[in-house]
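Written out below as structure tokens is the structure these notes cover.
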Number of protein chains: 2
Amino acid sequence: MPTPQPITRPQTDVAAELRSIALEMFAEHGYTGTSLQQIADAAGYSKSSVLYHFRSKEALFEEALAPSVAELEEFLDSIVEKATSGDSRAQFTADFVDLLLDHRLAAHIIINQGQTLSDIPTVDRARGLIDRIGESFMSGLPTTKQRIRLGVALAGAAYVMVASRPSATEIDDIDEVREALIDVVGELITPLSN
Amino acid sequence: MPTPQPITRPQTDVAAELRSIALEMFAEHGYTGTSLQQIADAAGYSKSSVLYHFRSKEALFEEALAPSVAELEEFLDSIVEKATSGDSRAQFTADFVDLLLDHRLAAHIIINQGQTLSDIPTVDRARGLIDRIGESFMSGLPTTKQRIRLGVALAGAAYVMVASRPSATEIDDIDEVREALIDVVGELITPLSN
DNA sequence: GCAGGCGCTGACCGATCGGTCAGAATAATC
DNA sequence: GATTATTCTGACCGATCGGTCAGCGCCTGC
């Protein structure tokens with residue numbers, strides 16, 4: 001007999017299911033381009049039911065994004081601890097690419113729709129975190145060239161992850177993508193002279 | 001007396017004005033996030049008036065995007081003529097960055113909202129053109145690594161141009177941006193071995 | 001059995017969406 | 001000045017938007 005969960009641990013967490021489906025649809029069709037009705041239909045519930053689990057569309061959006069943003073924040077804090085230990089640069093790049101890959105839907109949303117949705121707190125916070133990457137990683141005031149290299153690396157990586165050719169990334173070539181991304185991001189993010 | 005235009009050449013082309021305003025708003029708030037009412041208000045006309053000049057919202061969107069897409073197509077044709085003349089690589093990169101800068105709103109829309117709006121003919125055509133860049137520029141079948149480098153370059157550049165820090169790109173540092181973009185795009189797009 | 005809470009839903013709300021249409025206002029033609 | 005196009009607009013349309021609410025079914029604890 002499998003250990004029965006003593007406290008409430010619904011084997012099918014409806015809220016989590018909705019968050020997952022919503023995140024996917026927000027990434028694919030945009031926040032304004034996705035209606036609660038569409039999310040409800042995709043999940044097999046009624047619109048009212050979605051609004052029973054989440055106060056509003058914006059609340060659903062924020063909760064769907066929150067875990068990824070939290071992990072990004074955690075990642076940044078761990079980076080600051082290590083400071084700029086020099087040779088950990090390569091490790092940072094690999095970890096960062098893995099973070100992006102793990103949260104590619106959220107990353108895609110923040111990068112592509114970030115400016116549009118900057119009045120949503122979680123999105124705004126995420127954008128601030130991205131700025132922190134630049135500040136902490138590049139010594140002192142970043143030059144225009146450095147800012148552009150970082151921007152190209154972030155937006156480019158986010159785009160490639162979701163838009164990679166036809167549809168969803170196939171599992172068998174994800175390692176190839178990962179390797180190529182680490183390569184190109186590392187190249188862009190390494191602070192060159194000037 | 002300045003030469004009076006013999007045929008109708010309205011000194012203030014309302015349709016062009018609407019296209020311009022609409023393009024800006026579509027880029028900033030997304031296609032689905034921008035309503036005809038908002039465009040009309042921004043232009044100082046009524047919604048009915050906008051629909052007098054354009055058959056539909058989608059038609060306005062397509063016409064606002066069309067000139068940029070046409071110029072991209074022209075650019076690609078001129079590239080094919082030159083074939084791969086080798087040393088013109090640098091020239092290509094500079095021309096390409098200039099093209100992106102000249103049409104940065106349209107580029108931003110196509111890159112960021114392209115997959116969402118791929119059912120709109122002009123957008124779909126533009127995405128096809130972008131694919132052509134990859135095919136024509138990289139010899140034979142592009143490897144995963146090459147495709148990713150191109151994707152990063154395109155999406156990254158498009159992002160930087162519109163999202164470049166606070167708001168609209170200031171005129172005085174546009175040369176600096178241009179230079180940095182040419183540098184980074186050139187670096188990414190140059191087909192390395194493997 | 002039954003009371004009560006939880007998950008869920010349909011009906012409904014005001015607002016706004018893209019779009020139509022008849023007609024007012026303006027400009028051009030004779 | 002009268003006629004005719006050309007712009008432009010308010011009123012209106014059905015559909016959909018995000019969101020509210022009363023209540024239905026169902027499981028649980030007594």
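Letters go in sequence order (proteins before strands), and every chain restarts at 1.
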### Length of the CD-P vector between A:Glu17 and C:dG7, whole Å
14 Å
### Query
Would you say A:Tyr52 reaches C:dG7's phosphate, i.e. side-chain N/O to OP1/OP2 under 4.0 Å?
yes
### Pairs touching residues 34-55 of chain B that satisfy salt bridge (charged side-chain N to carboxylate O under 4.0 Å, His left out), sequence neighbours left out
none
### Query
What string of B, S and - do you get for nucleotides 16-25 of chain D, 5' to 3', if B is base contact, S is sugar-phosphate-only contact and - is no contact with any protein heavy atom under 4.0 Å?
-SBBB-----
#### Entry: For B:Asp124, all residues meeting side chain to side chain donor-acceptor pair (under 3.5 Å), sequence neighbours excluded
none
### Query
Sequence neighbours excluded, which residues qualify as side chain to side chain donor-acceptor pair (under 3.5 Å) partners of A:Ser35?
none
### Message
Please confirm whether the shortest side-chain N or O distance from A:Ser46 to OP1 or OP2 of C:dC8 is below 4.0 Å.
### Response
no
### Task
Report the residues that fulfil side chain to side chain donor-acceptor pair (under 3.5 Å) with A:Asp98, sequence neighbours left out, ordered by chain and then residue number.
A:Arg178
### Query
Which residues satisfy the side chain to side chain donor-acceptor pair (under 3.5 Å) test with A:Thr116, sequence neighbours excluded?
none
### Query
Linking I/L/V/M/F/W/Y whenever their side-chain heavy atoms sit closer than 4.5 Å, directly or via other members, would B:Tyr52 and B:Ile39 fall into one cluster?
no
Listed pairs under 3.5 Å, donor-acceptor, residues 66-75 of chain A side chains, sequence neighbours left out:
from: A:Ser68; atom 1: OG; to: A:His103; atom 2: ND1; distance (Å): 2.8
from: A:Glu71; atom 1: OE1; to: A:His103; atom 2: NE2; distance (Å): 3.3
from: A:Glu71; atom 1: OE2; to: A:His103; atom 2: NE2; distance (Å): 3.2
from: A:Glu73; atom 1: OE1; to: A:Arg125; atom 2: NH2; distance (Å): 3.1

### Task
With a 4.0 Å heavy-atom cut-off, tell me which residues in residues 117-124 of chain A come close to DNA chain D, sorted by residue number.
none
### Task
Please name all residues satisfying ring-ring contact (aromatic ring centres under 6.0 Å, His included) with A:Tyr45, sequence neighbours left out, ordered by chain then number.
none
Which pairs, protein N/O on one side and nucleotides 25-27 of chain C N/O on the other, fall under 3.5 Å?
none

#### Entry: Of all pairs that satisfy salt bridge (charged side-chain N to carboxylate O under 4.0 Å, His left out), the ones with a partner from residues 16-31 of chain A, not counting sequence neighbours
A:Arg19-A:Glu63
### Test ring-ring contact (aromatic ring centres under 6.0 Å, His included) applied to A:Phe54 - qualifying residues, sequence neighbours left out
none
